[in-house]
Protein chains: 4
Amino acid sequence: MAPDERRIQLLAASREVFGQRGYHGTSISHIVTAAGVARGTFYNYFPSKRAVFQAVLDDIMEQVEGAVHPMDPTRDIAAQVRENLERLILTLSAREDLPRLLFGEALGIDEEGDDALRGFYATALHRIEHALILGQQFGVVHSGDPVLWSRCLLGLLKEPAFQASLHNETLDAHALVEAIFAFLARGVLAGPAPSNV
Amino acid sequence: MAPDERRIQLLAASREVFGQRGYHGTSISHIVTAAGVARGTFYNYFPSKRAVFQAVLDDIMEQVEGAVHPMDPTRDIAAQVRENLERLILTLSAREDLPRLLFGEALGIDEEGDDALRGFYATALHRIEHALILGQQFGVVHSGDPVLWSRCLLGLLKEPAFQASLHNETLDAHALVEAIFAFLARGVLAGPAPSNV
Amino acid sequence: MAPDERRIQLLAASREVFGQRGYHGTSISHIVTAAGVARGTFYNYFPSKRAVFQAVLDDIMEQVEGAVHPMDPTRDIAAQVRENLERLILTLSAREDLPRLLFGEALGIDEEGDDALRGFYATALHRIEHALILGQQFGVVHSGDPVLWSRCLLGLLKEPAFQASLHNETLDAHALVEAIFAFLARGVLAGPAPSNV
Amino acid sequence: MAPDERRIQLLAASREVFGQRGYHGTSISHIVTAAGVARGTFYNYFPSKRAVFQAVLDDIMEQVEGAVHPMDPTRDIAAQVRENLERLILTLSAREDLPRLLFGEALGIDEEGDDALRGFYATALHRIEHALILGQQFGVVHSGDPVLWSRCLLGLLKEPAFQASLHNETLDAHALVEAIFAFLARGVLAGPAPSNV
DNA sequence: AATGAATGAGTTTTCATTCAT
DNA sequence: AATGAATGAAAACTCATTCAT
């Protein structure tokens, strides 16, 4: 088998078992059994358990980041945000191992891994911040701390995804996008005198 | 030393080390060294590593749940929600180990632990759902799926807390409450035609 | 409680648990729980786990040895042998813990314990040897190696007792005595020409 | 080294150490030191201490059972019984660790082990019973309870073997066979009036 | 004499990693 | 490149024994 294929095969098997058993519940034996190769072969492709896990996570992060397309200023912004959100949610719910790996296992392996995770969140949050700041400049977003707000917005998306995975539910992407948009547009409180005009 | 004190001391030491090194990074040696007792003493108070960790989590969950006071219908509801939110955030940020333990380590130890965590979230989410449903009946909350919305609202609170802990920042409780309230009241999108009257 | 009573109480509790769980399956906790005393109290009466077990065994051996009465040369020898056998078997089956302790647990704790057991068997075997030699002198016992024969005779008694305890059966003392006597008197083989005159 | 060889080597080393120190006196360290392998190597071949011990015992039981050959009805029965007895005794005395393991250590490890031992004895006793019943039908064995008698006969063989191992003596197979046969044929009691004609 | 909290050496077992074939 | 036997450090847990109260 070509080296690249073997690597991909090992990566896939690793993701599979890491997703099912978690990082600490997975042993190299699990991985090589799942991949159908010998123990030593694994170490020809990855220097350590830690390293495959990072490779798996990198894949996932790349996948998630790839779901978000750059904005085209000539098209309707709101529509593009909505599309991005939809793609993001679909990506999150497309593979059931993803939420567990990203939200449950990614944190706490070691300092280096935490850094990688922080990097991932930093990228995501910067994009949101950037959008917020732009929106504020154009007057379509209320004023407020973009850092804090971006975290709140991330939570709006992440928590439903996390809860769904916690209960082995599949995420209704459309419903979630609608809900998030409703939040963004007017909050949850209706009432006699919101007076936010 | 009296058994009760010793138990508390061991629990405190365990929480300390679990908070710093995570569940899997912590060994019984770490705990007993931190507590300054012999290895066997630990097992006089807790039957297993798993068990202390659960005790630590139970403490945390109790603490977090205790921060939310029951509503008094004769007083201003919005004010009470705000107070509860403030207390909750203060609790979450009062001890730096709390977010890591609750958001980063609680998941994935074993099935039983996951159940406990699901129970904790279920309690929290039910409260939020209940409040939403009540609000919808009184016409002060927009209509929408209370289950999904409660998860979104939880994320609004949890993610900023999580991100702060990820960066070792201290949470500005007041700012976060304000931000959340702003979200609740009107969302983030301003604009020519919010038309939510 | 008087020291003697306490010692007896502890000894009884120890025999109880040793009989149920075996030497290695028994911990000091089991003993003190069964006796209803504190851990330290135990060590006021016995210097070690090893020591109580030896005391228990000594009791048992004494009991077993006490079941065999010295022979009265003025009375019928065969009848006395039969009586002793009966008493012995009754003793062996009177307490269900006895066979397990004597046959299953007594051997292999340590060298000292093995010596004690060897001493016990030596005493028993010497008595049988003595009787055999006497019998041979009087012409009522066939000629043959008394050492080997005494071991065979011991097996004739011990194995049925052991097997009964292995299957939690109660030993039928009378039937066993009859069987042993039949063996002694004529063996098992009948036939055209036993010619044992 | 080939897996089969290694397994055999570990089994041999285990049998050696178990035979010398007993089950509870043996630690995995003793075994791996005796075998000259690393600690982990042991666990590549046996899942637990309990499991090697059972494997050792299984070997022994197989060996002992293998010493008894099926009877050929066309040949002299008595001679075949004598040959089987001789082989059995030779087997029992060929390796000095065998009696200790089979008679002293096999009982009391755990319920499963006890079952295995009961099974071993059941097989042996059933064979003896079967022979007795056949003998009774042909009129060459006196009438009497075959179950009880088979246990007595087992004792006749086992106890001399056990006592010999207890004193580190080597068993004189021929003398023992003669003694047992003498027992079988006419018992020990001679005398004026056996009157078993 | 009684208590029971504390001790720590010792045990079994796991598993990431190495390396000769 | 692939194999899989071997390694050994490290972990969780037990329990006989001690000793201050």
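Note that the structure is predicted; figures quoted are calculated from it, not measured. Just so we're on the same page: letters track the sequence lines, and every chain starts at 1.
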query: Can a donor-acceptor pair be found between the side chains of A/Arg100 and A/Ser165 at a distance below 3.5 Å?
result: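 No - no donor-acceptor pair under 3.5 Å links their side chains.
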
- prompt: Taking atom types as modelled, is there a side-chain donor on C/Glu5 or C/Gln9 under 3.5 Å from an acceptor on the other?
  reply: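 Looking only at side-chain atoms, C/Gln9 and C/Glu5 do not form any donor-acceptor pair under 3.5 Å.
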
query: Relative to the ring of D/Phe103, is the ring of D/Phe162 parallel (under 30°), tilted (30 to 60°) or perpendicular (over 60°)?
result: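 Geometry flag for D/Phe103 against D/Phe162: perpendicular rings.
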
Working to the nearest 0.5 Å, report the span between [atom1] of [X] and [atom2] of [Y].
X: B/Gln20; Y: B/His30; atom1: CD; atom2: NE2; answer: 10.5 Å
X: D/His24; Y: C/Ile109; atom1: NE2; atom2: CD1; answer: 8.0 Å
X: D/Arg7; Y: D/Asn44; atom1: CZ; atom2: CG; answer: 13.0 Å
X: D/Asp59; Y: D/Gln54; atom1: CG; atom2: CD; answer: 11.0 Å

query: Between C/Glu111 and C/Arg118, is there a salt bridge with N-O shorter than 4.0 Å?
result: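 So C/Arg118 pairs with C/Glu111 through a salt bridge.
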
- request: Evaluate whether atom CD of B/Glu65 has more than 12 neighbouring non-hydrogen atoms of other residues, nucleotides or ligands under 6.0 angstrom away.
  value: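 Yes.
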
query: Does any residue of residues 27-51 of chain D have a heavy atom under 4.0 Å from DNA chain E, and if so, which ones, in number order?
result: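 Those residues whose heavy atoms fall under 4.0 Å from DNA chain E, taken from residues 27-51 of chain D in numerical order, are D/Ser27, D/Ile28, D/Arg39, D/Gly40, D/Tyr43, D/Ser48, D/Lys49.
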
- request: Identify, residue by residue, the members of residues 2-10 of chain B with a heavy atom below 4.0 Å from DNA chain E, and return them in order of residue number, or none.
  value: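 Those residues are B/Pro3, B/Arg6.
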
message: I'd like to check C/Phe120 versus C/Leu102 (side-chain heavy atoms, cut-off strictly below 4.5 Å). Are they in contact?
response: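 Yes - at least one pair of side-chain heavy atoms lies under 4.5 Å apart.
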
message: Wobble G-U and Watson-Crick pairs count when both distances are under 3.5 Å; given that, what is the 5' to 3' dot-bracket string of DNA chain E, with | for pairing to other strands?
response: .||||||||||||||||||||

- request: Rounded off to whole Å, could you give me the CZ-to-C1' distance for the C/Arg21 and F/dC15 pair?
  value: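 About 14 Å, once rounded to whole Å.
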
query: In whole Å, what is the span from the NE2 atom of D/His24 to the P atom of E/dG10?
result: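 Interatomic distance, NE2 of D/His24 to P of E/dG10: 19 Å.
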
